[in-house]
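Reckoned from all heavy atoms, side chains included, excluding hydrogens, waters and symmetry mates.
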Amino acid sequence: MARPALIKTLDITSVRASLEAHSRFLDGRSGGRRANFSYADLSNFDLSGVDLCDAEFTGARLNGTILSDAKLDRAVLFGVDLRDADLRRCSLNRADLRGACLRGANLAGADLAGCDLREGMIALQDMTQGFRILKHEKRAGELDFAVLSGANLQGAQMTGAQACATDFSDADLSGAQLGGARLCNAVMDGANMTGAQLYQADLTGASMRGTVVVGANIGDATVDRGALAETLRAPPPIFYIDDQPLDEVLRAHEQWCVSHGGGGLAARLSEVDFRPIRTLAERRLTALVAPNSVFFGLNMKAVQLQGSDLSGADLRSTDLRGADLRGAKLRDAQLNRADLRGARLGPLPIDGGRVVRTDLSRAVLRHADLRAADLRRSRLLGADLGGAKLDGADMDGAETEV
């Protein structure tokens, strides 16, 4: 007797009915029912923007499915086939993705914080074989060739994951569990791996330019010679400028600002690591000269940096909410994932009715938050704004290449 088909095909009418019932379930309305797409074939369906939080997808076939901007928080995606699926900007917070096949999937900008991506398999009861394993066309738990650029993978469980040639550029992997993971030929450029566990991980051939490895356990990982040369490591406990502590140099600069040049001393720094300062919030550092310096992850909320030279600086993941950066030079600066909500990046008035424009030429602002920021008349020639949030930003007169 032929074995009954495990994967069931659903028509669009039944899918829509399930989605409507699930919406009622999430809202607590009468007639609500949690969506259960276990072992369903939803290949190539368009489910973009749909709220499927807490839905059940165990063993489902979702290869080629469009799930961009969808919500799948806490969803059960155990053993799901997601090959070549479009999951851009999808929210998968604490989703169960054990044993899911994500080969070639696009998860750029997705939120996978706390999700479980470990290996797993589904054993099914069989009348003749006792148990049989549900197999994908490709390896279960596979992330090979997937795109996770800019994705949030904070604290993700990825022990033993297969992720060869996967794009993790600019992804947040802080605190992720990657012990024994195969990351050969992966692109980790600009990724934040602070506190990540990489015990016995295979990083052969991986690109790690600008990768943040502060507190990461990589001692037993397999890494190519020289691959860690361009990574960002832990800062020194204190940074000196000509035998003077950096904090004293900055205090003298603040005095110079407050006295309008009558006291203190203007700081002219280059390639300085500001991280030992821990916070620059609300400090008055107008006209600071600090090209190619490191500010990674600093609290710089409401800092005054009008007219400053921060060309080529590393400002990734900084908190620059409400910061005054009018007239600043930020050419070639790295501002990936920076929080610039409400920041002032418009023109700086100077004597004689003249203004100095903020220069963000060739700056990298991937996945930065620029909501409600003032970017009027700023220079954005060659700037990378991929994945940036620009809702409510004032870009009147901004100079772009368009």
Side-chain angles (χ1 to χ4, degrees), residues 42-49 61-73 75 77 80-93 95 97 99-118 136-158 161-174 176 178 181-193 196 201-212 316-317 334 336-337 364-368 384-389:
L42 295 170
S43 302
N44 302 305
F45 267 84
D46 186 350
L47 299 173
S48 54
R61 188 176 292 161
L62 294 163
N63 52 299
T65 301
I66 302 172
L67 286 155
S68 54
D69 298 297
K71 294 182 179 179
L72 288 159
D73 297 337
L77 294 148
V80 168
D81 184 352
L82 281 160
R83 286 173 297 132
D84 302 318
D86 182 356
L87 291 150
R88 290 172 298 161
R89 301 174 302 279
C90 183
S91 183
L92 289 149
N93 204 287
L97 282 155
C101 183
L102 287 152
R103 184 185 178 91
N106 189 346
L107 292 126
D111 184 359
L112 295 113
C115 72
D116 197 336
L117 284 153
R118 291 175 293 179
H136 293 295
E137 208 169 298
K138 296 293 181 180
R139 184 176 182 271
E142 184 181 326
L143 279 159
D144 291 352
F145 306 106
V147 178
L148 287 135
S149 58
N152 180 9
L153 289 150
Q154 287 183 337
Q157 295 291 330
M158 300 176 69
Q162 175 86 10
C164 292
T166 300
D167 184 358
F168 288 103
S169 56
D170 299 319
D172 188 348
L173 286 151
S174 54
L178 289 153
R182 294 200 65 209
L183 299 161
C184 45
N185 299 315
V187 179
M188 317 292 296
D189 298 343
N192 182 6
M193 302 187 77
D202 184 359
L203 287 154
T204 306
S207 178
M208 301 183 73
R209 290 190 295 273
T211 307
V212 182
R316 291 176 294 165
S317 300
Q334 299 175 62
N336 320 47
R337 289 188 175 277
V364 181
L365 291 139
R366 288 194 296 270
H367 309 288
D384 186 348
L385 288 159
K389 297 176 181 177

Should Asp189 and Ser207 be marked as a side-chain hydrogen bond (donor to acceptor under 3.5 Å, both in side chains) after you check the CA-CA gap, both sets of side-chain angles, and the distance that decides it? CA-CA 6 Å; Asp189 298 343; Ser207 178; 2.6 Å; yes
Please find the pair of heavy atoms, one from [X] and one from [Y], that lie closest to each other, and give the distance.
{"X": "Asn44", "Y": "Thr65", "result": "N-OG1, 3.4 Å"}
{"X": "Ala163", "Y": "Ala186", "result": "O-CB, 4.0 Å"}
{"X": "Leu72", "Y": "Cys90", "result": "CD1-SG, 3.6 Å"}
{"X": "Ala171", "Y": "Leu153", "result": "CB-CD1, 4.5 Å"}
{"X": "Cys164", "Y": "Asp144", "result": "N-OD1, 2.7 Å"}
{"X": "His367", "Y": "Gly150", "result": "NE2-CA, 3.3 Å"}

Heavy-atom check, side chain of Leu173 versus side chain of Met158, under 4.5 Å: yes
Minimum side-chain heavy-atom gap Leu97-Leu112 below 4.5 Å: yes
Decide yes or no on side chain to side chain contact (heavy atoms under 4.5 Å, CB included) for Met193 and Leu178, but give the supporting numbers first. CA-CA 10 Å; Met193 302 187 77; Leu178 289 153; 3.8 Å; yes
Run Leu102 and Thr166 through side chain to side chain contact (heavy atoms under 4.5 Å, CB included) and show every step you take. CA-CA 10 Å; Leu102 287 152; Thr166 300; over 6 Å; no
Sorted by chain and number, sequence neighbours left out, side-chain hydrogen bond (donor to acceptor under 3.5 Å, both in side chains) with Asn106 holds for none
Check side-chain hydrogen bond (donor to acceptor under 3.5 Å, both in side chains) between Asn63 and all other residues, then give those that pass, not counting sequence neighbours.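 Partners of Asn63 under the side-chain hydrogen bond (donor to acceptor under 3.5 Å, both in side chains) test: Ser43.
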What's the separation between atom [atom1] in [X] and atom [atom2] in [Y], rounded to the nearest 0.5 Å?
{"X": "Ser48", "Y": "Leu67", "atom1": "OG", "atom2": "CG", "answer": "8.0 Å"}
{"X": "Arg103", "Y": "Leu143", "atom1": "CZ", "atom2": "CG", "answer": "11.0 Å"}
{"X": "Asp202", "Y": "Gln162", "atom1": "CG", "atom2": "CD", "answer": "9.5 Å"}
{"X": "Leu47", "Y": "Ile66", "atom1": "CG", "atom2": "CD1", "answer": "8.5 Å"}
{"X": "Leu107", "Y": "Asp86", "atom1": "CG", "atom2": "CG", "answer": "9.0 Å"}
{"X": "Leu183", "Y": "Leu203", "atom1": "CG", "atom2": "CG", "answer": "5.0 Å"}

Does Asp84 have any salt bridge (charged side-chain N to carboxylate O under 4.0 Å, His left out) partners at least two apart in sequence or in another chain, and if so, which? none
Under 3.5 Å donor-acceptor, Arg337 side chain and Asp170 backbone: yes
Spell out, as yes or no, whether a donor-acceptor pair under 3.5 Å connects the side chain of Arg316 to the backbone of Gly210.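 Between the backbone of Gly210 and the side chain of Arg316 there is a qualifying donor-acceptor contact (under 3.5 Å).
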Does the pair Asp81/Arg83 count as a salt bridge with the N-to-O cut at 4.0 Å?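 The answer is yes: the pair qualifies as a salt bridge.
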Let me see the working for Lys71 and Asp73 under salt bridge (charged side-chain N to carboxylate O under 4.0 Å, His left out), right down to the final yes or no. CA-CA 6 Å; Lys71 294 182 179 179; Asp73 297 337; over 6 Å; no
From CA spacing to verdict: side-chain hydrogen bond (donor to acceptor under 3.5 Å, both in side chains), Ser91, Asn93: CA-CA 6 Å; Ser91 183; Asn93 204 287; 5.5 Å; no
